[in-house]
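Everything numeric in this text was worked out from a predicted model, so none of it was measured.
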Amino acid sequence: QVQLVESGGGLVQPGGSLRLSCAASGSRTGISSMGWYRQAPGKQRELVAIIRSGGEIDYADSVKGRFTISRDNGENTVYLQMTSLKAEDTAVYYCYAWAIGDYWGQGTQVAVSS
């Protein structure tokens, strides 16, 4: 059973930056892909960014050039550096991991507002 613990959400003004962190523990088989999804009120959960098992990185078109995902494999931690934040980035951000099954964090709120 994999546990994912997120941190780093909060309230930020438009144009500001935030860094999300997600630490994984409990995997006996190794974690392959790790990434971030988000869900805004009234909308479906959507992929933000992911690092796949082969090292490939995918971003949602809406965050390309503004968000950067990175991973510390030794610590099983994934980060999301978010810059030039917009009101439409407001959502609950969920950490995701694949370890012979889907695992999700509890979510961290990101609010972008002046």
Side-chain angles (χ1 to χ4, degrees):
Q1 191 76 6
V2 175
Q3 294 80 44
L4 302 174
V5 179
E6 303 126 332
S7 60
L11 173 64
V12 64
Q13 292 186 341
S17 300
L18 280 176
R19 188 191 195 210
L20 305 182
S21 300
C22 172
S25 61
S27 172
R28 296 184 178 184
T29 59
I31 295 174
S32 54
S33 301
M34 291 190 77
W36 295 91
Y37 285 70
R38 69 185 180 187
Q39 187 167 19
K43 295 187 177 181
Q44 291 188 331
R45 190 173 297 190
E46 63 175 359
L47 173 69
V48 177
I50 192 166
I51 300 179
R52 304 191 186 279
S53 57
E56 302 86 4
I57 293 177
D58 289 322
Y59 291 100
D61 287 342
S62 59
V63 308
K64 285 181 181 177
R66 300 188 298 120
F67 291 11
T68 303
I69 189 172
S70 60
R71 179 176 175 181
D72 182 336
N73 289 320
E75 297 295 327
N76 265 343
T77 301
V78 66
Y79 305 94
L80 186 68
Q81 180 67 49
M82 305 184 291
T83 63
S84 301
L85 283 159
K86 305 175 181 180
E88 50 264 43
D89 295 317
T90 295
V92 177
Y93 284 69
Y94 296 91
C95 180
Y96 167 83
W98 169 262
I100 312 183
D102 295 313
Y103 293 92
W104 297 91
Q106 80 282 1
T108 185
Q109 177 71 52
V110 171
V112 184
S113 175
S114 55

Would you call [X] and [Y] a side-chain contact if the rule is heavy atoms closer than 4.5 Å?
X      : Y      : result
Gln3   : Gln1   : yes
Arg71  : Asn76  : yes
Ser113 : Thr90  : no
Leu4   : Gln106 : no
Asp89  : Phe67  : yes
Val63  : Arg38  : yes

Same cluster for [X] and [Y] if Ile/Leu/Val/Met/Phe/Trp/Tyr side chains link at under 4.5 Å?
X     : Y      : answer
Val12 : Val48  : yes
Val5  : Tyr103 : no
Ile51 : Tyr59  : yes
Leu47 : Leu80  : no

For the atom pair [atom1] ([X]) and [atom2] ([Y]), what is the distance rounded to the nearest 0.5 Å?
X     : Y      : atom1 : atom2 : answer
Thr68 : Met82  : OG1   : CE    : 11.0 Å
Leu85 : Arg66  : CG    : CZ    : 6.5 Å
Leu11 : Ser114 : CG    : OG    : 9.5 Å
Tyr94 : Thr108 : OH    : OG1   : 10.0 Å

>> Counting only heavy atoms from other residues, nucleotides and ligands, does the tally under 6.0 Å from CD of Glu88 exceed 12?
In response: yes
For a quick test of reading the model, state the closest non-hydrogen atom pair linking [X] to [Y] and the distance between them.
X     : Y      : answer
Ile50 : Ser33  : CD1-CB, 4.2 Å
Ala91 : Gln39  : CB-O, 3.4 Å
Gly9  : Val110 : CA-CG2, 4.2 Å
Trp98 : Ser32  : CD1-OG, 2.7 Å
Leu20 : Tyr93  : CD1-CB, 3.7 Å
Glu6  : Gly105 : OE2-CA, 3.3 Å

> Can you list the residues that meet the salt bridge (charged side-chain N to carboxylate O under 4.0 Å, His left out) rule with Asp72, with sequence neighbours excluded?
Replying inline: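 By the salt bridge (charged side-chain N to carboxylate O under 4.0 Å, His left out) rule, Asp72 matches no residue at all.
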>> Tell me whether Asp61 is salt-bridged to Lys64, with the criterion being a basic N under 4.0 Å from an acidic carboxylate O.
In response: yes
> With sequence neighbours left out, what residues match Tyr96 under ring-ring contact (aromatic ring centres under 6.0 Å, His included)?
Replying inline: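 ring-ring contact (aromatic ring centres under 6.0 Å, His included) list for Tyr96, sorted by chain: Tyr37, Trp104.
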